[in-house]
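All remarks here apply to the structure that follows.
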2 protein chains.
Amino acid sequence: MQTKTQRSRPDQSEPAAPATPLGTRERIVRTASRLMQRQGYDGTGIKQISTEAGATLGSMYHFFPGGKQELAVAAIRHGDAEFVDILGAVLAAEPDPGAAIRALTRSLAEGLRASDWIDGCPVTATALGTAAGLPDIQAAAAEAFAHWREAVLAKLIEAGLAETDARELAHTVISTLEGAELAAQVTRSEEPLLLAGTHLTRLIDTYPRTADAG
Amino acid sequence: MQTKTQRSRPDQSEPAAPATPLGTRERIVRTASRLMQRQGYDGTGIKQISTEAGATLGSMYHFFPGGKQELAVAAIRHGDAEFVDILGAVLAAEPDPGAAIRALTRSLAEGLRASDWIDGCPVTATALGTAAGLPDIQAAAAEAFAHWREAVLAKLIEAGLAETDARELAHTVISTLEGAELAAQVTRSEEPLLLAGTHLTRLIDTYPRTADAG
DNA sequence: GTCTATACCAAGATAGAC
DNA sequence: GTCTATCTTGGTATAGAC
């Protein structure tokens with residue numbers, strides 16, 4: 001009977017209306033980011049975004065004349081900045097980088113479970129599947145990864161690791177977090193993330209540090 | 001002018017016709033697996049699969065009455081088995097598990113570069129974005145991850161690691177490989193994969209082994 | 001088992017009134 | 001800046017001849 005298979009879209013929780021009401025553009029970007037995070041680029045329609053953001057179709061193309069692609073780039077940049085904030089806050093709360101990254105994995109695991117395993121990395125789902133054909137989106141995703149790597153790098157340098165070691169480790173920390181989040185999402189279990197935290201800590205602790213670490 | 005933004009679909013290389021001509025069903029599954037690996041579930045159409053597989057639309061629904069979902073499950077299982085073979089071959093070629101995993105990352109990096117960074121993990125793109133709404137697909141992806149973990153686990157046990165250590169490491173090895181492949185794809189660089197290989201080797205080498213390792 | 005035609009719906013995007 | 005109506009194309013899926 002149904003011509004297109006229906007997919008349940010939980011969407012159980014409104015993100016709690018903020019004190020200052022958001023502008024239309026901001027509402028659109030946030031909604032796009034959240035929906036593409038869950039459903040990917042192709043799985044998310046402009047009409048769905050406009051409906052859930054409380055904006056009309058005219059507003060969508062008023063603010064994003066480049067259409068869906070431009071919207072996706074804005075969504076990825078939003079997710080990028082959002083995670084930079086989380087990353088900064090969690091890393092700052094623990095002096096030791098290993099402990100900080102372990103705390104980060106716990107935080108990610110909690111968030112994933114709280115969303116019933118649907119809110120994964122805010123850029124992966126959007127970028128995957130479009131990487132080959134839509135260079136703007138791919139580039140925005142690459143920038144996000146670079147920003148996150150830089151945050152980890154700064155933490156490792158601050159702890160007294162050699163620059164080369166820190167730079168290389170930052171790559172693997174982000175890669176492992178990405179993969180563990182993915183695995184946790186697919187298997188609906190916190191285990192991959194928590195083990196990633198333990199192992200990353202152990203790996204980092206094998207590298208020498210200078211004495212004057214703050 | 002165009003109502004739907006066109007996406008370039010390179011598809012430069014036919015996978016070289018095998019000696020034994022494939023049956024229709026096999027051709028459909030392989031084509032579906034390859035296309036969904038590149039474009040994701042929502043980005044891949046039944047008509048596109050049928051065209052590229054040289055099958056008619058009638059054949060598609062003859063072999064897969066469950067439609068696109070059933071086809072996606074078959075595609076994921078195909079990618080699963082395909083990677084189990086690669087994993088088994090590469091891991092068997094090196095006695096030391098660390099060296100074997102490093103060889104694996106080199107192999108993955110080569111394949112990714114050879115495909116101009118479009119052929120990533122054969123199940124990730126298909127599963128992502130559908131995990132929440134399509135349980136069959138999510139379950140097939142979870143099974144694939146479990147199979148790959150078991151292959152790594154066997155290699156670590158064989159090398160003399162304690163079972164608990166090996167079991168936990170197998171999780172992180174797969175997570176890190178997944179994430180590094182993703183990062184390599186997005187940044188169009190082999191670096192994340194190669195660094196992942198180095199770091200995973202270093203991590204594995206921090207664990208004790210029994211003397212009677214083969 | 002294979003093929004063609006088609007029903008039915010949703011997608012992205014645009015036009016133009018207000 | 002907002003809203004509605006609409007155009008066109010593509011999607012999934014089905015029917016039924018061969």
Side-chain angles (χ1 to χ4, degrees), chain A residues 1-9 11 21-32 35-36 38-75 125-126 129-130 133-134 136-137, chain B residues 1-9 11 21-32 35-36 38-75 125-126 129-130 133-134 136-137:
Chain A
M1 193 60 62
Q2 57 197 6
T3 63
K4 183 168 190 178
T5 309
Q6 289 189 357
R7 229 183 278 184
S8 62
R9 306 206 189 271
D11 215 301
L22 270 48
T24 304
R25 201 196 130 96
E26 262 298 299
R27 265 181 4 251
I28 292 171
V29 171
R30 291 190 189 206
T31 306
L35 288 177
M36 287 187 179
R38 297 177 180 179
Q39 305 167 356
Y41 179 82
D42 287 300
T44 305
I46 303 244
K47 284 177 183 168
Q48 187 192 10
I49 298 169
S50 80
T51 301
E52 298 206 11
T56 63
L57 208 49
S59 296
M60 303 292 289
Y61 285 94
H62 172 74
F63 288 110
F64 301 94
K68 196 176 180 179
Q69 286 188 43
E70 190 182 343
L71 190 46
V73 170
T126 313
T130 69
L134 304 178
D136 291 353
I137 296 177
Chain B
M1 193 60 65
Q2 59 197 4
T3 63
K4 181 165 189 178
T5 309
Q6 288 190 355
R7 225 183 282 183
S8 63
R9 307 207 189 269
D11 214 301
L22 269 50
T24 304
R25 201 196 131 96
E26 262 298 297
R27 268 184 357 253
I28 292 171
V29 171
R30 291 190 187 205
T31 306
L35 289 176
M36 288 189 179
R38 298 178 179 178
Q39 307 168 353
Y41 179 83
D42 286 301
T44 305
I46 303 244
K47 281 179 182 168
Q48 188 192 9
I49 299 170
S50 81
T51 301
E52 299 206 11
T56 63
L57 208 50
S59 297
M60 302 294 288
Y61 286 94
H62 171 74
F63 289 109
F64 301 94
K68 197 177 179 178
Q69 287 188 41
E70 189 182 342
L71 191 44
V73 170
T126 312
T130 69
L134 304 178
D136 290 353
I137 296 177

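Per chain, numbering begins at 1; letters A, B, ... match sequence-line order.
Residue B/Ser50 is out of contact with every strand shown, counting any heavy-atom pair closer than 4.0 Å.
To the nearest angstrom, C1' of C/dG12 lies 11 Å from CD1 of A/Ile49. In this structure, B/Lys68 atom NZ and D/dG11 atom C1' are separated by 8 Å, rounded to whole Å. Computed from coordinates, the B/Phe64 CZ to D/dT14 C1' distance equals 18 Å when rounded to whole Å. Atom CE of A/Met60 and atom P of C/dT14 are 14 Å apart (whole Å). For the pair A/Gln48 CD and C/dG12 P, the computed distance is 10 Å after rounding to whole Å. Here the P atom of nucleotide C/dC8 and the CD1 atom of B/Ile46 are 19 Å apart, to the nearest Å. A/Leu134 has its CG atom 14 Å from the C1' atom of C/dG12, to the nearest Å. Separating the CD atom of A/Glu70 from the C1' atom of C/dG12 is a distance of 15 Å, rounded to the nearest angstrom.
Looking at A/Ile28, A/Leu71, A/Val29 one by one, the single match for side chain to side chain contact (heavy atoms under 4.5 Å, CB included) with A/Phe63 turns out to be A/Ile28.
Among residues two or more places apart in sequence or in another chain, the side-chain hydrogen bond (donor to acceptor under 3.5 Å, both in side chains) test is passed with B/Glu26 by B/Arg30. In this view, B/Ser59 and B/Thr56 satisfy the side-chain hydrogen bond (donor to acceptor under 3.5 Å, both in side chains) rule, not counting sequence neighbours.
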Identify each atom pair where a protein N or O and an N or O of nucleotides 2-5 of chain D are less than 3.5 Å apart, giving names and distance.
| residue | atom | partner | partner atom | Å |
| --- | --- | --- | --- | --- |
| D/dT2 | OP1 | A/Thr24 | OG1 | 3.0 |
| D/dT2 | OP2 | A/Ser59 | OG | 3.4 |

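Side-chain contact check for A/Gln39 and A/Thr44: at least one donor-acceptor pair (N or O, by modelled atom type) lies under 3.5 Å.
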Given B/Asp136 and B/Glu70, is the side chain to side chain contact (heavy atoms under 4.5 Å, CB included) satisfied, shown in steps? CA-CA 8 Å; B/Asp136 290 353; B/Glu70 189 182 342; over 6 Å; no
Run the numbers on A/Phe64 and A/Gln69 for side chain to side chain contact (heavy atoms under 4.5 Å, CB included), then give the verdict. CA-CA 9 Å; A/Phe64 301 94; A/Gln69 286 188 43; over 6 Å; no
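Within the structure, every side-chain polar atom (N or O) of A/Lys47 is placed at least 4.0 Å from both OP1 and OP2 of C/dA11.
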